[in-house]
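Just so it is clear: chains get the letters A, B, ... in the order the sequence lines come, proteins before strands, and each one is counted from 1.
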Amino acid sequence: MKVNPENILSEEEKNALQALINAAESRTTGKIRVHIEKKAGRNPFERARAVFESYNLNTSADKNCVLLYVSTADRKFVVFADDGIDGKVPEGFWTHVSDSVTAQLKNGEYSIGLTAAVNITGNMLAEHFPAGGVL
Amino acid sequence: MRMRLISAGLILGVFFCALHASDMVPYRKSRYINDYAGVINDKNARDIMLLLKKFEQKTGIESSILTIGRAADYSAGKEGIDMLASQALAEWRLDDSGILLVVAVSDRRLKIELGRSVHETGWDKSREIIDNTIIPYFKSGDYSTGIYEGAKAMTGAFKPSGKTNKPAFLIYFLMGGALLLFAAAGISFAVSRAKKPKQNFTAQPGAGRKGYGGGAVGSW
């Protein structure tokens, strides 16, 4: 969880989100990271990929890391998922995540939106990449 | 000069059509669920999708669910959800044999809009589903379950009116389609075998990969 530039999340909300991510990650071998910054530039998806790499999320063995990226000035949300988890989710799943989150971000509900995203993504990761080894 | 005028008219016409369409009715991103209000949880969404898909395969009735914040956001202003629902039914091509459930969460309004052939057999059932199945869940704030249970009730209650000659037609249609598909697959396989040079696939390490990963971008 990266410190955000514009303090759109209060300290309390940040801690709650971090706790939620920890709880989600305890159920899966995948990882979830949230990155909030001001500007996304021309191509938000490519920017999200660059951020994904800057956190070294692209080197996981199962390719099952997910980045939730928010650009506050450009009002863009990107959910970026590595190939492993991307290959397992049903069609339209990431769009569903993105729609659920942006519906909340629209109303300024950053905390609620990101909480929902962590929950949905965490459940999906736990389903396909459960913690504690494969049977 | 005349040509120029005509083409300018055409461009303007297309522009206004597009403007009108996007203004009035939300874009149909997905066949079964367009959850713009973000109220349907992941599990319910998957269940609804399966349910509606099965229902469509069985009866030929295409159903879709739309959730929005306020109907006024789609310039459906005074006429509200009624106008929006009937416009969406037409624009999403559900007006012949389709069902559309629209929920405007912030307006606290919902509507089940029926296509022509469904309307003949089930016009009296939608009120019952709304009052007895959906509203109790909505009152407790559980939109997700309310919509799921509503969809379940819809698939139980409605059937198309002109059902008798459909299966036979459908079977011929499917058989013809399957034959065509086989032929097309055979041809394309032969062509790809003949033309394509053999590709070497190499395993790519994580760092420095380009073009990997999936996801979605949204703006607000």
When the 4.5 angstrom heavy-atom criterion is applied to A:S71 and chain B, the contacting part is backbone
Checked B:A45, B:A37, B:A216 vs chain A; the most non-hydrogen pairs under 4.5 Å come from B:A216
In terms of heavy-atom pairs under 4.5 Å with chain B, the winner among A:K76, A:E91, A:M124 is A:K76
Among B:G69, B:G214, B:S219, the residue with the most heavy-atom pairs under 4.5 Å to chain A is B:G214
When the 4.5 angstrom heavy-atom criterion is applied to A:V70 and chain B, the contacting part is side chain
- Is the A:F77 to A:Y69 ring centre distance short of 6.0 Å? no
Under 4.5 Å to a heavy atom of chain A? For B:K43 that would be neither
Rounded to the nearest 0.5 Å, the OG atom of B:S63 sits from the CZ atom of B:R31 at a distance of 9.5 Å
Is there a side-chain contact between B:E113 and B:V102 (heavy atoms, below 4.5 Å)?
no
Can you check whether B:Y36's main-chain N or O pairs, donor with acceptor, with B:T67's side chain at less than 3.5 Å?
yes
Chain B shares the most heavy-atom pairs under 4.5 Å, among A:A81, A:S100, A:S98, A:G87, with A:A81
Separation between CD1 (B:I40) and CG (B:D35), nearest 0.5 Å, reads 4.0 Å
Checking A:N123 against A:R27: is there a side-chain donor and acceptor pair closer than 3.5 Å?
yes
